[in-house]
Structure formats: structure tokens, C-alpha cells
Amino acid sequence: RESRSAVLAALDEHAGASARENITAAVRAYMQSIGTDPRRARVALVEVVGAGPKVEKKRLESRREWGMLLTGTVEDAAKQGALPPGDYDLRAMAVIGAINHVLDEWSGTQPRRPMEEVIEVLSRVIMGAVAA
């Protein structure tokens, strides 16, 4: 919930910005919220998988909510002509998996790559997925 709130606040703060600026702001907020503490990232991204039926139900609900958030953001950009229309729900799921894998790997690695480098790469991955 905290990471979603951080992402929503970043998107609100950058309302009216380009799709790329919105994506970069959202990725930065997510990374700062969940990725800067390796324990938090590990629990939220890895250990939650298979933690029991109730937790799994919540994890899948959360993943769907993240997908709807990303899909809605990208569809708004498409309506403004910034991105081509498309099947964003499937693209969102692919992007979420990529982001979470990279974030888990980055948060637990020492020395870490600079956060801005990871934000730039993830922003390009997302733009590539939604603009294709």
C-alpha cells in the first residue's frame, strides 16, 4: 500500500507531464519506497510467494491492482496521442514482472548500481513495452 501511495503521489505531482516523465517518476517512487531496504523488497517481492492461501490471494489482488494502475496510466497517455493504443493489460503484467525482478536483484546486491541508472533502464523497458 505504501509503495502504491508513493507511485500515485508521484503521478499526481507530474500530471500533465510526458508519458516518459510520468513513468520515470513512478519508477523512482516505487524504487525509493520498496527497493532501498533489501529486507522490505525481499519480503514484498519474493517471500510473499507461497506464504499461504490468504497471502497468495492478497498478492494476486495486489498484482492486479498494479496492473490496472499501469494500464490506466498508459491508456491516459494513449488517449492524449502520446502512445499508440494497444493491449496494455498484458503488457502491464510483463512489465510488472520485469520491474519486480530487477528491483529484487538490485536491492540485494552490494555494491549496488546507482539508483538513477536502474530507473533509466526500467523507464526505457516500460516505454518500449507500451510504445511497441
Peer 1: Looking at every heavy atom in both T24 and S123, which two are closest together, and how far apart are they?
Peer 2: OG1-OG, 3.1 Å

Peer 1: According to a 4.5 Å side-chain heavy-atom criterion applied to Ile, Leu, Val, Met, Phe, Trp and Tyr, with indirect links allowed, do I119 and I96 form part of one hydrophobic cluster?
Peer 2: yes

Peer 1: Could you pull out the closest heavy-atom pair between A26 and L11, with the gap in Å?
Peer 2: CB-CD2, 4.1 Å

Peer 1: Does the side-chain contact (heavy atoms from CB on, under 4.5 Å) test come out yes or no for V102 and L122, once each step is laid out?
Peer 2: CA-CA 8 Å; V102 169; L122 289 175; 3.9 Å; yes

Peer 1: What are the two closest heavy atoms between A29 and A10, and how far apart are they?
Peer 2: CB-CB, 3.8 Å

Peer 1: Are M115 and I34 linked, directly or through other ILVMFWY residues, by side chains that come within less than 4.5 angstrom of each other?
Peer 2: yes

Peer 1: Between H101 and G97, is there a donor-acceptor pair closer than 3.5 Å when you use the side chain of the first and the backbone of the second?
Peer 2: no

Peer 1: My understanding is that only residues two or more places apart in sequence, or in another chain, count here; which of them pass side chain to side chain donor-acceptor pair (under 3.5 Å) with R64?
Peer 2: none

Peer 1: Is the backbone N or O of L103 less than 3.5 Å from a side-chain atom of S107, with the two atoms forming a donor-acceptor pair by type?
Peer 2: yes

Peer 1: So E117 and R124, salt bridge (Lys or Arg N to Asp or Glu O under 4.0 Å) or not? Walk me through it.
Peer 2: CA-CA 11 Å; E117 180 181 323; R124 286 196 321 257; over 6 Å; no

Peer 1: Spell out, yes or no, whether I23 and M68 are grouped together once hydrophobic residues are joined by side-chain heavy atoms under 4.5 Å, including indirect joins.
Peer 2: no

Peer 1: Could you list the residues that satisfy ring pair (Phe, Tyr, Trp, His ring centres under 6.0 Å) with W106, not counting sequence neighbours?
Peer 2: none

Peer 1: Drop me the distance from R113's CZ to E120's CD, to the nearest 0.5 angstrom.
Peer 2: 13.0 Å

Peer 1: Using a 3.5 Å distance criterion without hydrogens, assess whether the side chain of S5 forms a donor-acceptor pair with backbone atoms of R1.
Peer 2: yes

Peer 1: Identify the heavy atoms of R63 and M93 that sit nearest to each other, and give their distance.
Peer 2: O-CE, 3.6 Å

Peer 1: Can you tell me how far CZ of R20 sits from CD1 of I126, rounded to the nearest 0.5 angstrom?
Peer 2: 9.0 Å

Peer 1: Are S62 and R4 close enough that a side-chain donor and a side-chain acceptor fall under 3.5 Å?
Peer 2: yes

Peer 1: Check this for me: E65, atom CD, are more than 12 non-hydrogen atoms of other residues, nucleotides or ligands nearer than 6.0 Å?
Peer 2: yes

Peer 1: Look at the side-chain heavy atoms of Ile, Leu, Val, Met, Phe, Trp and Tyr, link any pair under 4.5 Å apart, and say whether L90 and L70 land in one connected group.
Peer 2: no

Peer 1: Between I99 and V125, is there a side-chain heavy-atom distance shorter than 4.5 Å?
Peer 2: no

Peer 1: Looking at every heavy atom in both A92 and G67, which two are closest together, and how far apart are they?
Peer 2: CB-O, 3.9 Å

Peer 1: Going by heavy atoms in the side chains, are W66 and V95 under 4.5 Å from each other?
Peer 2: no

Peer 1: Just wondering, more than 12 heavy atoms not from E2 lying within 6.0 Å of its CD?
Peer 2: no

